[in-house]
Number of protein chains: 2
Amino acid sequence: MSTRESIILLAEKLVKEKGFNAFSFHDIAATIGIKTASIHYHFPTKADLGVAVLEQQKTRLYQMQESVQDKGVLAKLEAFFSIYNNLPRENMVCMVGSLATDFNAIDPKVQENLSEFADLVLQWLTDILQEGKRENIFHFTTPTKVKAVQIASSMVGVVQLQRLVNEDDNFFKKVKDNIIKELKAK
Amino acid sequence: MSTRESIILLAEKLVKEKGFNAFSFHDIAATIGIKTASIHYHFPTKADLGVAVLEQQKTRLYQMQESVQDKGVLAKLEAFFSIYNNLPRENMVCMVGSLATDFNAIDPKVQENLSEFADLVLQWLTDILQEGKRENIFHFTTPTKVKAVQIASSMVGVVQLQRLVNEDDNFFKKVKDNIIKELKAK
DNA sequence: GTCTATATATAGATAGAC
DNA sequence: GTCTATCTATATATAGAC
């Protein structure tokens, strides 16, 4: 893996763990064994690094969409949830939520890329829900986009709340399972 | 209003707008017309200020609970939603979500107070939902606490997503209205 | 209770050698 | 592509005068 890729991956981890404005080039440099000046060679500014992280997120999303395109709607829904599945265990929140709370404190370039990534995720979930309705697997009556926003919001929020409560209560899994149950209910 | 109260109120606003680690004592000092050293007289450390903000949030929550204790369950539910109602318009996210994403970058004292405040909010919503079931106004079958976490998560998340999408689409209101509709549905 | 002045630390960023 | 060295800005925090 190239140094550039290592930096992006570690930056992603740190954003999800601590937030964009709480990690520093020094955190990254110390972990991967280089100096902060070397990071600036790959990413002139921290905003450039933020943009690169979001572009990588988009690429990963496209790959995930492609990998399940021939599968059933329930497999696609599970792929959507896989964005969030491992976060609580790793003491992380999702990229969108982490950057959204810092929105007014990040560079406009990062803001723009974040909005685009969030739109992609929302549109993907909307498409999945629509397909489920068409196939008579899901039976909600709410407008599909609204339902998608509601479900995505639940995921964004529950990984954050999970951090604050006793981890014996696996609210993340309970909420996720309940969402699937409600989607299937007639 | 005392200087101390002014500092707490402004800190609350800044946390919801930019995040705890993105505002500085200088931001507060400049706005209310004092020097940063004066803030340290009231709050020795930034963590102390964070704790004070959360204690004020708890006090406000208790007052809200008391103000609706003799009203109907739908009025209580609306009081719960009032925590979030004005946030999108003011370009803010909620206190719990803002601090949860920064959880690993804030002082343990602030972490602890945040967890307590989140527990209070969740327990309040759980009580409201339970009362609604008892009075046959709500008809969900999911365990009440899980339903409360799911709804609270939706609110935490939707005020964050609302920041990222076209504000012409008032997803916050649509999601909130849909949650109420689903609670009442048989 | 607020001020001036300052200490101390750390951040992002740049210049130029290798 | 990474380094050393340095710049500049800003953060939290403290000491002591008023």
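Model, not experiment: these values are computed from the prediction. Naming: A, B, ... by sequence-line order, numbering from 1 per chain.
Between Tyr41(B) and dT2(C) there is no side-chain N or O to OP1 or OP2 distance below 4.0 Å. The phosphate of dC3(D) (OP1 or OP2) has a side-chain N or O of Ser38(A) nearer than 4.0 angstrom.
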Just distance, no hydrogens or angles: give the donor-acceptor pairs under 3.5 Å from side chains in residues 116-126 of chain A, sequence neighbours left out.
unit_1	atom_1	unit_2	atom_2	d
Glu116(A)	OE1	Lys58(A)	NZ	2.8
Gln123(A)	OE1	Lys145(A)	NZ	3.3
Gln123(A)	NE2	Asp127(A)	OD1	3.0
Thr126(A)	OG1	Leu122(A)	O	2.7

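The nearest whole Å value for the distance from the CD1 atom in Ile32(A) to the C1' atom in dT2(D) is 11 Å.
For the residue pair Glu182(A)/Gln150(B), the side-chain donor-acceptor check at 3.5 Å is satisfied. Checked by atom type, the side-chain pair Asn85(A)/Lys176(A) shows a donor-acceptor distance below 3.5 Å. Remark: the Ser154(B) side chain and the Ser154(A) side chain contain an N/O donor-acceptor pair separated by less than 3.5 Å.
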Problem - side chain to side chain donor-acceptor pair (under 3.5 Å) between Thr144(A) and Gln130(A), intermediate numbers included - result: CA-CA 6 Å; Thr144(A) 309; Gln130(A) 193 61 44; 2.7 Å; yes

Could I get a table of every N or O pair under 3.5 Å where one atom is in the protein and the other is in nucleotides 16-18 of chain D?
none

Quick one: which protein N/O atoms are closer than 3.5 Å to N/O atoms of nucleotides 9-12 of chain D? Pair and distance per line, please.
unit_1	atom_1	unit_2	atom_2	d
dA11(D)	OP1	Ser24(B)	OG	3.3
dT12(D)	OP1	Lys46(B)	NZ	3.2
dT12(D)	OP2	Phe25(B)	N	2.9

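Here dT4(D) is the nucleotide among dT4(D), dT2(C), dG1(D) with the atom lying nearest to any side-chain atom of Lys35(A). Comparing dC3(C), dG1(D), dC3(D) against the side chain of Ile34(A) picks out dC3(D) as the nearest.
When all heavy atoms of Val156(B) and Gly97(B) are compared, the pair lying nearest together is CG1-CA, 4.0 Å.
The side-chain tip of Lys46(B) does not point at the ring of Phe25(B) from less than 6.0 angstrom away and within 45° of straight on.
When each of Val73(A), Ile137(A), Thr142(A), Leu183(A) is checked for a side chain to side chain contact (heavy atoms under 4.5 Å, CB included) with Leu129(A), only Leu183(A) meets the rule.
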